[in-house]
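Side chains are part of it too, since the values below use all heavy atoms of this structure and drop only hydrogens, waters and symmetry mates.
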Amino acid sequence: MKKYTLLLGGLLLLFGINACTSDLDQTPIDPDLFTEVDVYKNAQEAKGALAKLYAGLALTGQQGPAGQADISGVDEGFSQFSRMLFNLNELTTDHAVVGWGDPGLPTLHAMNWGAGNDFTTAMYFRLSQVVSFSNSFISNAAVLSDDAEVAAYIAEARFIRAYAYYNLMDLFANVPLVTEITTELPEQSNREEIFAFIESELQGIESDLKSPGSNEYGRVDQAAAWALLSRLYLNAEEFVGQNRYSDVITNADKVINSSYSINTNDGNGNGSAYDELFLADNDTNGAQNEFLFVLTFDGINQQTYGGTTFLTHAPLGGDMDPVLFGVNGGWSGYRTTKGFVDQFDYAVTERDGNNHPVAWNDARAQFFTEGQNYEIETIANTFEDGYALAKFKNVDINGQQGSDTSGDFADIDLPLIRLAEVYLNYAEAVARGAGGDMAKATSLVNELRTRAGAPTITSADIDPDFVLAERSRELHWEGLRRTDLIRYNLFTTGYYLWPFKGGAQNGRAVESFRKIFPLPENVLLINTNLTQNEGY
């Protein structure tokens, strides 16, 4: 078997990447095995190989939901990409706390993680694997690149690699930049080099990607590349010290003017098309028209303890009825803080005897308050402190359970990028004075607020702080909050505190180096070309 070097500088470590040797949910399996069976002999076989790249972000191994894991040394369910994205980008903020005591988990919200943290380490390895599999696919599929369909597959693989590098740059900053198969230990790169690579890749694949809305559901197209560019440029000041807000507007406009549209269908008659974005049939109920990059899940054929199975079960507990969520029970783990609840102060319609909010006229305020406490006195081993959040439900628009009748695994697809984010990228760039059209920005925000039944605003209301709050209301628990708070200088500083930030009940500022996570200790032992991030 031909070797290929991962970003971590070796294959099998304490947190190693296991070679894939059997197949359950998609074919083929490991890109390194493709050449041995000549799987790149035609476009159809190459398409099967491409499926593994998408699956690398959704699943955890070759025997779903567990067994033959891609990454060893950590609970397989914990190692699924979007579950780790939630823990690193939401649990570290005002959006979530968790009562579980698994090693490395409580330190995330307390913001006192170390270089050996299981979850930061596993995320590094997961993203490294995605990059390595993508490199292998791009190299091997090149023999068929004269076929326009395969050229599109290669462009999609380059998008997935660019997305993985975006997250590596955001989370870890100074990682190696590896773009081809090699046996050499890679040198360390920096954010400037990685930013330039992502930008160049997303621009370079535009002509080969399919036009907006013309690809199969679950696969990316040109609009996904424009959307990821808009996210990249939105954070350019933090990443590379450059103001690129005008480029945010340029790329967001391309997406906004494409065939994608905000879901406004209220198929279940509950008055909110927002809810339908996170139901079991969101691939067919109209929500799919808003998804630019989505992880697909199936309770029968694509089983994992991460993904939306995690997002449905883990926040479910207390007095919440599992039947309404289409599952067989809750894991009584995650709740939210009053910092997030207070983002909806304008929408409160009812308060309890302690003057705490318990009802809202904004459909995005999906709080479950019965038996729950607004204030958090204790995080560990309790579910009642902190309001619960009922965002993901494994039922369709008619309230029918997803395909797994046992209630274990969810059918809900998970958007990694959706049109609403692009609307808010545009609005923020305009609010920051980068040009664009303020009236248009206001109209875009009002489109989202109207869908949620929230009061509309005027152009006078739009400033950067308002847009940040609107992003929290619209995009919570979708893996963006930490990055947003960093962009506003609120993540580590004392300018904004939330319960148990920094481990203090009322919150405290933490060291600025915690804006990025440490490189894994065992990676540094293997690859002496790498230097640990400052503070670790």
Can you tell me if N167 and R126 form a side-chain donor-acceptor pair at under 3.5 Å? no
R158 bridged to E201 by N-O distance under 4.0 Å: yes
State whether a side-chain donor-acceptor pair under 3.5 Å links Q505 with E377. yes
Are any of the side-chain nitrogens in R231 or E421 under 4.0 Å away from the carboxylate oxygens of its partner? yes
Short N-O contact, R481 and D484, less than 4.0 angstrom: no
Among Y334, F81, F392, exactly one meets ring pair (Phe, Tyr, Trp, His ring centres under 6.0 Å) together with F310. Which residue is that? Y334
Should the pair F367 and Y387 be assigned to parallel (<30°), tilted (30 to 60°) or perpendicular (>60°) ring geometry? tilted
Nearest heavy-atom neighbours spanning H313 and G329: ND1-O, 2.7 Å
Is the positively charged end of K515 above the ring of F491, judged by distance under 6.0 angstrom from the centroid and angle within 45° of the axis? no
Side chains of D170 and Y165: is there a donor and an acceptor less than 3.5 Å apart? no
Check step by step if side chain to side chain donor-acceptor pair (under 3.5 Å) holds for N529 and N527. CA-CA 5 Å; N529 295 329; N527 188 352; 3.2 Å; yes
Between T337 and H95, does any side-chain donor sit less than 3.5 Å from a side-chain acceptor? no
Evaluation steps, side-chain contact (heavy atoms from CB on, under 4.5 Å), between N89 and T483: CA-CA 7 Å; N89 275 357; T483 314; 3.9 Å; yes
Residues T304 and Q80: side-chain donor-acceptor under 3.5 angstrom: no
Here the gap from I198 atom CD1 to M169 atom CE, rounded to the nearest 0.5 Å, amounts to 4.0 Å
Does any N or O in the side chain of S189 come within less than 3.5 Å of the main-chain N or O of P176, such that one atom is a donor and the other an acceptor? no
Are any of the side-chain heavy atoms of L88 and T120 separated by less than 4.5 Å? yes
Between N190 and N174, a side-chain donor and acceptor under 3.5 Å: no
So D342 and F340, do their side chains get closer than 4.5 Å, heavy atoms only? no
Side chains of Q366 and Y274: do they bring a donor and an acceptor to under 3.5 Å? no
If you apply the rule side-chain contact (heavy atoms from CB on, under 4.5 Å), what do you find for F517 with M123, and how did you get there? CA-CA 10 Å; F517 293 105; M123 179 59 123; over 6 Å; no
Just wondering, are more than 12 heavy atoms of other shown residues or ligands nearer than 6.0 Å to OH in Y495? no
For the backbone of D465 and the side chain of D463, can you confirm whether one donor and one acceptor N or O come within less than 3.5 Å of each other? yes
Do Y245 and E428 pass the side chain to side chain donor-acceptor pair (under 3.5 Å) test, and can you show the C-alpha distance, the side-chain angles, and the key distance before you say yes or no? CA-CA 9 Å; Y245 293 114; E428 182 176 333; 4.8 Å; no
Any side-chain donor paired with an acceptor under 3.5 Å for Y233 and N425? no
Looking at N506, I want to see if its CG is surrounded by more than 12 non-hydrogen atoms of other residues, nucleotides or ligands under 6.0 Å. no
Between T442 and S459: side-chain donor-acceptor atoms closer than 3.5 Å: yes
State the CG-OG distance between L59 and S79, to the nearest 0.5 angstrom. 10.5 Å
Can you label the angle between the F159 ring and the Y163 ring as parallel, tilted or perpendicular, going by 30° and 60°? parallel
Tightest non-hydrogen contact, residues W498 and T92, listed as CZ2-O, 3.6 Å
Is it true that the NZ or CZ of R432 lies under 6.0 Å from the centre of Y488's six-membered ring and within 45 degrees of the ring axis? yes
Are any of the side-chain heavy atoms of F291 and N282 separated by less than 4.5 Å? yes
Pair K338-E375, salt bridge (Lys or Arg N to Asp or Glu O under 4.0 Å): steps then yes or no: CA-CA 7 Å; K338 65 181 181 181; E375 298 284 353; 3.0 Å; yes
Specify whether W100 and W331 have parallel, tilted or perpendicular ring planes, treating 30° as the upper limit for parallel and 60° as the lower limit for perpendicular. tilted
SB check R451 E474 (cutoff 4.0 Å): yes
Heavy-atom donor-acceptor pair, E90 side chain to L480 backbone, under 3.5 Å: yes
Between F195 and Y166, is the ring centre distance below 6.0 Å? no
To the nearest 0.5 Å, how far apart are CD in E187 and CD in E193? 10.5 Å
Testing the 3.5 Å rule here: is there a donor-acceptor pair between the side chains of N394 and T312? no
Establish, from distance only, whether the side-chain atoms of E447 and Y423 form a donor-acceptor pair under 3.5 Å. yes
I'd like to know whether K391 forms a side-chain contact (heavy atoms from CB on, under 4.5 Å) with R364, so could you lay out the CA-CA distance, the side-chain angles of the two residues, the decisive distance to 0.1 Å, and finally the verdict. CA-CA 8 Å; K391 182 165 182 170; R364 301 170 299 184; over 6 Å; no
What distance separates L295 CG from T308 OG1, expressed to the nearest 0.5 Å? 9.0 Å
Within a 6.0 Å radius of atom CD on Q242, are there more than 12 heavy atoms belonging to other residues, nucleotides or ligands? yes
On the ring face of Y346, is R449 found with NZ or CZ under 6.0 Å from the centre and within 45° of the axis? yes
Count the heavy atoms belonging to other residues, nucleotides or ligands that lie under 6.0 Å from CG of N381, then report whether that count exceeds 12. no
Electrostatic pair E478-R418, nearest N-O below 4.0 angstrom: yes
Which heavy atom in G77 sits nearest to a heavy atom in Y305, and how many Å separate them? CA-CB, 3.8 Å
Euclidean distance, N446 CG relative to D461 CG, rounded to 0.5 Å: 8.5 Å
Examine the side chains of T107 and N117 and answer whether a donor and an acceptor come within less than 3.5 Å of each other. yes
Within the distance-only criterion (no hydrogens, no angle test), does the side chain of D385 pair as donor or acceptor with the backbone N or O of T378 below 3.5 angstrom? yes
Would you say T121's side chain and D118's backbone share a donor-acceptor pair under 3.5 angstrom? no
In terms of ring plane angle, is the pair F172 and Y124 parallel, tilted or perpendicular, where the classes change at 30° and 60°? perpendicular
Before giving the answer on side chain to side chain donor-acceptor pair (under 3.5 Å), spell out for T60 and E76 the whole-Å C-alpha distance, their side-chain angles and the decisive distance to 0.1 Å. CA-CA 6 Å; T60 56; E76 184 175 345; 2.6 Å; yes
Taking all heavy atoms of A227 and all of V422, pick out the closest pair and write down the distance. CB-CG2, 3.8 Å
Under 3.5 Å: donor-acceptor pair, side chain of S258, backbone of V255: yes
Determine, for Y426 and K440, whether the Lys NZ or Arg CZ falls below 6.0 Å from the six-membered ring centre while staying within 45 degrees of the axis. yes
So, E384 and R335, do they make that salt bridge, N to O below 4.0 Å? no
Go through the steps to decide whether N355 and Y374 satisfy the test side chain to side chain donor-acceptor pair (under 3.5 Å), and finish with yes or no. CA-CA 10 Å; N355 201 35; Y374 171 79; over 6 Å; no
